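Down below is the structure, laid out as C-alpha cells.
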There are 2 protein chains.
Amino acid sequence: MAVRMQDVAARAGVTAATVSLALSGSTRISAATRERVTRIAEEMGYRPHVGAQALRTDSTRSIGLIVSDVANPFFADLAGEIQRAAARHRYSLVLCNSDEDPDRQDDYLAALLAGRRVDGVIVVPTAAMTPGLRQAGATRARIVLLDRPVALTSRDAATKHLAQSPIVRSDAREALDEVAELLTGLGHRRIGIIAPPLQTQVGQERRDLLVDALVRRGVPRRSITVAEGDFRQDSGATATAQLLARRQPPTAIFAADGLMAVGALKGLRSAGLQVPRDVSLVGFDDAPWFDLFDPPLTAIAQPIVALASAAVDAMLALLAGESALGSQPACQLVHRGSCGPAATGRAA
Amino acid sequence: MAVRMQDVAARAGVTAATVSLALSGSTRISAATRERVTRIAEEMGYRPHVGAQALRTDSTRSIGLIVSDVANPFFADLAGEIQRAAARHRYSLVLCNSDEDPDRQDDYLAALLAGRRVDGVIVVPTAAMTPGLRQAGATRARIVLLDRPVALTSRDAATKHLAQSPIVRSDAREALDEVAELLTGLGHRRIGIIAPPLQTQVGQERRDLLVDALVRRGVPRRSITVAEGDFRQDSGATATAQLLARRQPPTAIFAADGLMAVGALKGLRSAGLQVPRDVSLVGFDDAPWFDLFDPPLTAIAQPIVALASAAVDAMLALLAGESALGSQPACQLVHRGSCGPAATGRAA
DNA sequence: CTGAAAGCGCTTACAG
DNA sequence: CTGAAAGCGCTTACAG
C-alpha cells in the first residue's frame with residue numbers, strides 16, 4: 001500500500017485536514033506545522049492519490065492530446081514539446097492517436113472528457129467537424145484546436161462554444177509567399193500542389209495561399225494543378241504520379257506535409273526523374289535529416305516549440321477560467337538543394 | 001456537470017448499485033434490467049468517472065510510458081504502436097519524455113506510480129540503475145523494461161522484484177552477424193563502432209555482439225575502434241570525427257542508433273568523405289525515408305509492432321497478477337546503398 | 001491555528 | 001434479483 005495522507009498525519013501527530021492544508025501551503029496553518037508536515041511527507045515519499053483528488057476537486061492535472069499520427073515526425077516532435085511544456089506546470093499528458101480517423105478521434109474525445117480522465121484536450125482535428133467535436137462543444141469542454149481549424153458554420157450552442165476554443169497553428173503565409181517567389185524566380189510556370197484533404201480547412205488554406213501568391217506573380221491559374229493527398233507518405237507518391245500523368249506536367253511540386261514530401265520524392269524517383277534537374281520540389285514540415293536527402297530537401301519549417309507552448313498556455317488559461325487566445329507563430333522556409341531552374345525542355 | 005451513475009439510476013428507476021452491476025455485466029442482475037440500464041446509460045452518454053473508479057478499485061485503466069526521446073523516430077513509432085495496443089484493451093497511455101536524463105525519469109516514475117496516476121509503467125531506462133527504478137522495485141510496482149535492460153547486480157529485495165519485471169527488446173544478434181558478414185565480405189578490416197553510452201547494458205551489448213561477430217570472421221580486435229555516443233544526432237557526428245581522427249581511421253562505421261547514424265552521415269560529409277566510396281556506413285533503427293538519403297542508408301530495422309504489443313501484453317499480464325515473460329523479437333538488416341568495398345587506398 | 005465531518009462518484013460485501 | 005450502506009483518499013466549509 002502506498003502512503004496515504006492519513007499516514008503522514010499520524011506520523012506528524014495532526015489530522016489529515018491539517019496535512020492537506022499544510023501541503024497546499026495554506027497560511028491558515030502555522031509555519032512550524034507546515035514545515036514539519038512537509039518534511040515528514042517528503043520523508044515518507046507521500047504523493048496524493050490523483051484519483052481521490054480528481055474526485056474531490058474535479059481536476060486531474062492532466063491534459064489529453066489527440067494527434068492524427070505520432071509516426072509523423074512533425075507530430076512526434078510536437079507531442080514531445082507539449083509533454084515537456086505540460087510537465088513544467090506539473091501536468092501529465094495522455095496521448096492518443098486518431099490515425100486520421102474521425103471516429104477514433106471522437107472515441108478518444110469521449111473517453112478522455114466524459115470519463116473525466118483529463119481536464120481538457122488539445123486536439124488535431126481529423127475533419128472539418130465531427131459529432132464528437134460538437135458534443136465536446138455542447139458540454140463546454142476545454143478544447144484547444146491544434147494545427148488545423150474546424151468549420152464553424154452552424155449556429156447552434158455547441159458550435160458557438162467551440163468557436164471560443166483557442167486555435168493554435170502556424171502561419172504559413174509568408175513562407176508560402178517566399179516559395180512562390182523562389183519558384184517563379186527560377187522560371188517555373190507549371191506548378192503542382194500536393195494538398196492535404198480538401199474538405200479540411202488546412203487543405204484549402206495551404207493550397208489557396210500558395211495559389212494566390214503564384215497568381216500574384218503572374219502564373220496563370222490554370223497552369224497550377226492540385227492533387228489531393230491525405231497527409232501520409234503513400235498519398236504523396238500517388239499524387240505525384242497523378243501530377244506527372246498530365247499532358248503538361250508541372251516543373252515544380254509543392255507537397256503540403258512532410259510525409260507527403262517524402263512520398264513525392266519517392267514518386268519522382270520511381271518515375272525516373274531527377275530533382276531538381278527535371279522537377280523542383282518543396283516540402284512542408286522540416287526534419288533534421290532532410291539535408292541528407294538526395295537532393296537536400298527545401299522545406300517550410302513549422303515553429304514547433306512555439307506551437308507547443310502556445311497550445312499548453314492556451315489550455316492552462318482555459319483551465320484557469322480565463323479566456324484564451326489562439327496563436328499563429330510564423331513558419332520559415334529553409335533553402336536547400338531541391339529547387340532549380342525550370343527545365344526548358346519541359347517548360348510551357 | 002457530466003452525467004453520473006446516479007442520474008442513470010434515477011432515469012432507469014433503479015439504484016446506483018444496480019447500474020454498476022448491470023454495466024459490468026453481472027448476472028446477478030436480470031437480463032431485462034441489464035439491457036434497459038445499458039441502453040439508458042448509452043442514451044445519456046454516461047461514462048464512469050475514472051477518478052472515482054480509481055479510488056474505489058485501485059485501478060486507473062491507464063499505463064505510463066517513459067521514453068527517452070519521442071523526437072527519435074524509433075521511439076515515436078514505438079509510442080504510437082503502444083498507444084494503439086493499449087487502446088485495444090481500453091487502456092489510456094500517459095506519455096513522458098525522460099530526455100535521457102535519469103533524474104527526470106525518476107521524477108516521472110514517482111509521479112506516475114506514487115500518485116497512482118497509472119497502474120503500471122513501461123519504461124525505457126536511461127541508465128543501468130537509478131534510485132527511482134530501485135524505489136519502484138521496492139514498492140513492487142508493475143514495471144515493464146523496454147528496449148534496454150538494467151543492471152541487477154544488487155541482492156536487495158527491490159532489485160529482486162525488479163528482476164521479475166519483464167523486459168522487452170529486440171534481438172540484434174543475427175542482424176549484427178549479418179553486418180559483420182557484409183562488411184568483412186566487402187574487405188573491411190578497420191571498423192568503427194559508434195556505441196550507445198557504455199555504462200548502459202545496451203551500449204555494451206550492441207558493441208560486443210558486433211565485435212564478436214567481426215572477430216569470429218578474422219578481424220583483429222585492435223583494428224576495431226569504439227566511440228561512445230549518447231543516442232542523439234550530434235553525438236553521431238562527434239563520434240565520427242573522433243573515429244576519423246585516428247591514425248588508422250576505419251573504412252566502415254556502424255552507428256548503433258538511428259539518430260546517431262544520421263549524425264554519422266553528416267559527420268562523414270563535413271569531413272569531405274563520400275559514402276560508400278570512402279567509408280561504408282550501417283545504421284541501427286530504420287525509417288521510411290532512409291532510402292531517400294544520399295546514399296540510401298543500410299540499416300538494422302527493429303520489429304516495432306512486435307515490441308509494442310509484447311510490451312503491452314506483458315503489462316496486462318502483470319496487471320492481471322500473472323507472471324509475465326519478456327520477449328525478444330528479432331531485428332532485420334535492410335540492405336541499401338551505404339556499404340561498398342573497402343577503399344584500397346585507405347585499407348590496412 | 002487545528003479538528004471533526006461531510007461528500008466527490010463509484011464498487012462491493014451484506015441484507016432481504 | 002435488487003436495495004441500503006460503507007468506504008476508497010482526498011478537500012473544504014464549519015466549529016471551536
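Bear in mind the structure is a predicted one, so any value in this text is a computation, not a measurement.
- Between B/Thr57 and B/Gly13, the residue anchored nearer the 5' end of DNA chain D, judged by the nucleotide with its closest heavy atom, is B/Gly13.
- The nearest whole Å value for the distance from the CG atom in B/Asp58 to the P atom in C/dC10 is 17 Å.
- The distance between atom CE of A/Met5 and atom P of D/dT12, rounded to the nearest whole Å, is 10 Å.
- Every residue meeting the salt bridge (charged side-chain N to carboxylate O under 4.0 Å, His left out) condition with A/Arg148, not counting sequence neighbours, appears here in chain and number order: A/Glu100.
- Within the structure, salt bridge (Lys or Arg N to Asp or Glu O under 4.0 Å) contacts touching residues 7-22 of chain B (residues at least two apart or in different chains) are B/Arg4-B/Asp7.
- For residues 118-144 of chain A, every residue pair satisfying the salt bridge (Lys or Arg N to Asp or Glu O under 4.0 Å) rule, not counting sequence neighbours, is listed here: A/Arg134-A/Asp156.
- For the pair B/Asp7 CG and C/dG9 C1', the computed distance is 10 Å after rounding to whole Å.
- We find the CZ-OG distance between A/Arg90 and A/Ser62 to be 13.5 Å, quoted to the nearest 0.5 Å.
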I'd like a table of donor-acceptor pairs (distance under 3.5 Å, sequence neighbours excluded) in which one partner is a side-chain atom from residues 320-328 of chain A, with atom names and distances.
none

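- Taking the side-chain hydrogen bond (donor to acceptor under 3.5 Å, both in side chains) definition, one finds that A/Asp69 meets it with nothing, sequence neighbours left out.
- Nucleotide C/dT2 holds its C1' atom 14 Å from the CZ atom of A/Arg34, rounded to whole Å.
- One finds a side-chain N or O of B/Ser30 lying less than 4.0 angstrom from the OP1 or OP2 phosphate oxygen of D/dT2.
- Each of A/Ala52 and A/Thr27 was matched to the nucleotide of DNA chain C holding its nearest heavy atom; the match closer to the 5' end belongs to A/Thr27.
- Atoms CG (A/Leu55) and C1' (D/dT12) sit 14 Å apart, rounded to a whole Å.
- Side-chain N or O atoms of A/Asp147 include none that pairs as donor or acceptor with a backbone N or O of A/Arg169 at under 3.5 Å.
- Side-chain contact annotation: B/Thr18 with B/Thr15, donor-acceptor N/O pair under 3.5 Å absent.
- Between the CD atom of A/Gln53 and the P atom of D/dC8 there is a distance of 17 Å, given to the nearest Å.
- Shown here are the salt bridge (charged side-chain N to carboxylate O under 4.0 Å, His left out) partners of B/Asp103, two or more places apart in sequence or in another chain: there are none.
- Listed by residue number, the members of residues 14-26 of chain B with any heavy atom below 4.0 angstrom from DNA chain D are B/Val14, B/Thr15, B/Ala17, B/Thr18.
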Pairs under 3.5 angstrom, nitrogen or oxygen only, protein versus nucleotides 14-16 of chain D, please.
residue: D/dC14; atom: N4; partner: A/Arg28; partner atom: NH2; Å: 3.1

request  = Would you write the dot-bracket representation of DNA chain C, where each base gets (, ), [, ], | or . depending on whether it forms a Watson-Crick or G-U pair under 3.5 Å and with which partner?
outcome  = |||.||||||||.|||
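- When the C1' atom of D/dC10 is taken as reference, atom CZ of B/Arg116 falls 13 Å away, rounded to whole Å.
- Taking atom CD of residue A/Gln6 and atom P of nucleotide C/dG3, one finds them 12 Å apart after rounding to whole Å.
- Across residues 38-48 of chain A, not one residue has a non-hydrogen atom less than 4.0 Å from an atom of DNA chain C.
- For A/Leu112, the side chain to side chain contact (heavy atoms under 4.5 Å, CB included) criterion is met by A/Ile66, A/Val94, A/Cys96, A/Arg117, A/Val118, A/Val121, not counting sequence neighbours.
- OP1 and OP2 of C/dC1 both lie 4.0 Å or more from every side-chain N or O belonging to A/Thr33.
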From CA spacing to verdict: side chain to side chain donor-acceptor pair (under 3.5 Å), B/Thr130, B/Gln105 = CA-CA 9 Å; B/Thr130 67; B/Gln105 166 195 291; 3.2 Å; yes
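- A donor atom on one side chain and an acceptor atom on the other are not found under 3.5 Å apart for A/Gln83 and A/Tyr91.
- Qualifying salt bridge (charged side-chain N to carboxylate O under 4.0 Å, His left out) partners for A/Arg47, counting only residues two or more places apart in sequence or in other chains: none.
- Not one N or O on the side chain of B/Thr33 forms a donor-acceptor pair closer than 3.5 Å with the backbone of B/Ile29.
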